[in-house]
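Structure first, then comments.
Computation of the quantities below employed the complete heavy-atom set of this structure, encompassing side-chain atoms and omitting hydrogens, waters and symmetry-equivalent molecules. Sequential numbering from 1 along the given sequence is applied to the chain's residues. None of the values given here were measured: they were computed from a predicted structure.
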Amino acid sequence: ARARARGAMVFLRSVKPYAGSEDFSIADVPREMTAYELARPAVFALGLGVPAGWLASGRNKAIRVPCVNMAMVLAATAGIFMSVDHAAKRLHGTRAPLEK
């Protein structure tokens, strides 16, 4: 049971492998995000969403636009969560800080 809980609780652990913020606040996360992390949702939407949606529609042109739109939304959403997760973990101290 301990081994299973360890993976799930890594974000909430009091022992931090890196020196993170002691007074962690989710409001500080946007300032911690890098330019790429801020751009990641758009990069994912265009780089992953457009080709994935295009391929998903196959030869059927009638569904091409909705497929591309939905794939862009899903990819952008993943990009948002990934960026916020990385920045929050750096602040919290459970992810390595950025190289200065």
Item to check | Euclidean distance, Leu55 CG relative to Cys67 SG, rounded to 0.5 Å | outcome: 10.5 Å
Checklist entry - How would you list, by chain and number, every residue that makes a side chain to side chain donor-acceptor pair (under 3.5 Å) with Asp23, sequence neighbours excluded? => result Ser21
Checklist outcome for this item: Minimal heavy-atom distance between Gly47 and Pro51, with the atoms involved, is O-CG, 3.2 Å
Checklist entry - Under a 4.5 Å side-chain heavy-atom rule over Ile, Leu, Val, Met, Phe, Trp and Tyr, are Val73 and Leu48 clustered together? => result no
Checklist outcome for this item: Value for NE2 (His92) from CD (Glu22), rounded to nearest 0.5 Å, stands at 9.0 Å
Next on the checklist: Rounded at 0.5 Å granularity, tell me how far CZ in Arg64 sits from CH2 in Trp54.
Outcome noted: 4.5 Å
Checklist entry - For Pro41 and Ser83, which heavy atoms make the closest approach, and how far apart are they? => result CD-OG, 4.5 Å
Next on the checklist: Applying the side chain to side chain contact (heavy atoms under 4.5 Å, CB included) criterion to Val65, which one of Val68, Asn69, Ile63 satisfies it?
Outcome noted: Asn69
Next on the checklist: Nearest 0.5 Å, please: how far is CE in Met70 from CE in Met72?
Outcome noted: 11.5 Å
Checklist entry - Can you list the residues that meet the side-chain contact (heavy atoms from CB on, under 4.5 Å) rule with Thr34, with sequence neighbours excluded? => result Tyr36, Glu37, Arg90, Leu98
Checklist entry - To the nearest 0.5 Å, what is the distance between CZ (Phe44) and CE (Met82)? => result 4.5 Å
Item to check | Same apolar cluster: Leu74 and Leu46, side chain cutoff 4.5 Å | outcome: no
Checklist outcome for this item: Distance col, row Asp85:CG vs Lys89:NZ, nearest 0.5 angstrom, shows 4.0 Å
